[in-house]
Amino acid sequence: TFDGVADFDRAQLSVRPETAVPLSAAPVPRARALVQSGADDPHGDHPVFALAGDNTWRRIDVGGLTPVSDAQGNRQAVLDPTSLSPDGRYAAFAQRDDVVVVDLASADVRRFAVVGFNESVAWLGRHLLVSQQETTFLVTMDGAVTRVPYTGTDVAVPADPGDAHQDAAPTDVAELRGGAGQPPVLRRWHPDGRRTELPVAGVDHEVRWSGTGWRHGTVIARAVTVPQGPPAGRLVLVDVDTGAARFAATGQVLSLTTSRVLGWRDATVLLDNDGGREILAWNPATAALTRVTVVTGDPAVVALANGGH
């Protein structure tokens, strides 16, 4: 199955469009992964595919998805690495003036009005964090839209599968900010309403955060680019209670600026390396970094389910 890291290499993440069935004709109980090829061609209209539990593909043909753009007209892929809910049941997509949520088990579509140039989405429990260029919104499944004080692209997304079944709005939110010349900081909104800010000790001011941070328990995993010497991609682990950070001993340098964390699985960090061409797994207990699978063909955006069965 796709539920254990040891079995990832049996999952075919190389999309075969000619064998993909429309989702509307054959929904799936959950998806192991979502893939959109053509990540380096934002002007193309590339479909999103869902990998079913039996390693067959579904083309998401519902929702009327269109490429995403910011207010300046810069286009990007409609799929985000955070589009798939941790349990693999729902896929969310940012669109102009609304957010589309597809129930993969029924092919039903829900639309939530969020006016503006929505650029990315991420799951926080059963709710969605929607990012625009200057604003971030929390969208609940009853359609309520609230502007929130944190930055969507810096929030650590919860990877624990249990979080996907919480109906209450998230009350424990952490984000990693700074870097690129500014002191890295960990901001946290606590369940009791407090907001704290801690320095991220162990990370230089010059690093640049890359991609989304993913939270598992009290640890956030996020990729950074280290500019000193030959620039290199590294994996950083940050304790949400203390702000203490350490570079993961991965045994190799990740691809510059193209590596990002895709989540956690079985207490193992999953990484998208080399611009969506390969998926790696890093085990914090053994420091082993292994190749999970290779995505052949064009560079792709990949979203993985992080929990459930």
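This one's a predicted model, so the numbers in the text were calculated from it and none came from an experiment.
The salt bridge (charged side-chain N to carboxylate O under 4.0 Å, His left out) analysis of residues 127-152, with sequence neighbours excluded, yields no pairs. Pairs engaging residues 105-116 under the salt bridge (charged side-chain N to carboxylate O under 4.0 Å, His left out) rule: Asp98-Arg111 [sequence neighbours left out].
In this structure a side-chain-to-backbone donor-acceptor pair under 3.5 Å is missing from Glu175 to Gly213. The backbone N or O of Gln132 sits nowhere less than 3.5 Å from a side-chain atom of Asn118 that would complete a donor-acceptor pair. Formation of a donor-acceptor pair under 3.5 Å by the Arg234 side chain with backbone atoms of Val224 is not found in this model. Counting only distance, with no hydrogens or angles, the side chain of Gln95 and the backbone of Val100 share no donor-acceptor pair below 3.5 Å. A donor-acceptor pair under 3.5 Å links the side-chain atoms of Arg222 to the main chain of Gly211, judged by distance alone. For the pair Arg195 (side chain) and Arg187 (backbone), a donor-acceptor distance under 3.5 Å is absent. Between the side chain of Trp123 and the backbone N or O of Ser83 there is at least one donor-acceptor pair closer than 3.5 Å. With hydrogens and angles disregarded, a donor-acceptor distance shorter than 3.5 Å links the side chain of Trp214 to the backbone of Val261.
If you take CD on Gln133 and CG on Asp70, they are separated by 5.5 Å, rounding to the nearest 0.5 Å. Note that CH2 of Trp264 is 10.0 Å distant from CD1 of Ile220, once rounded to the nearest 0.5 Å.
Residues passing the side-chain hydrogen bond (donor to acceptor under 3.5 Å, both in side chains) test with Gln182: none are found, sequence neighbours excluded.
The neighbour count for Arg188 CZ, taken as heavy atoms of other residues, nucleotides or ligands under 6.0 Å away, is above 12.
Relative orientation of the Tyr150 and Trp189 rings is perpendicular, given thresholds of 30° and 60° on the angle between their planes.
Side-chain N/O atoms of Thr82 and Asp80 include no donor and acceptor closer than 3.5 Å.
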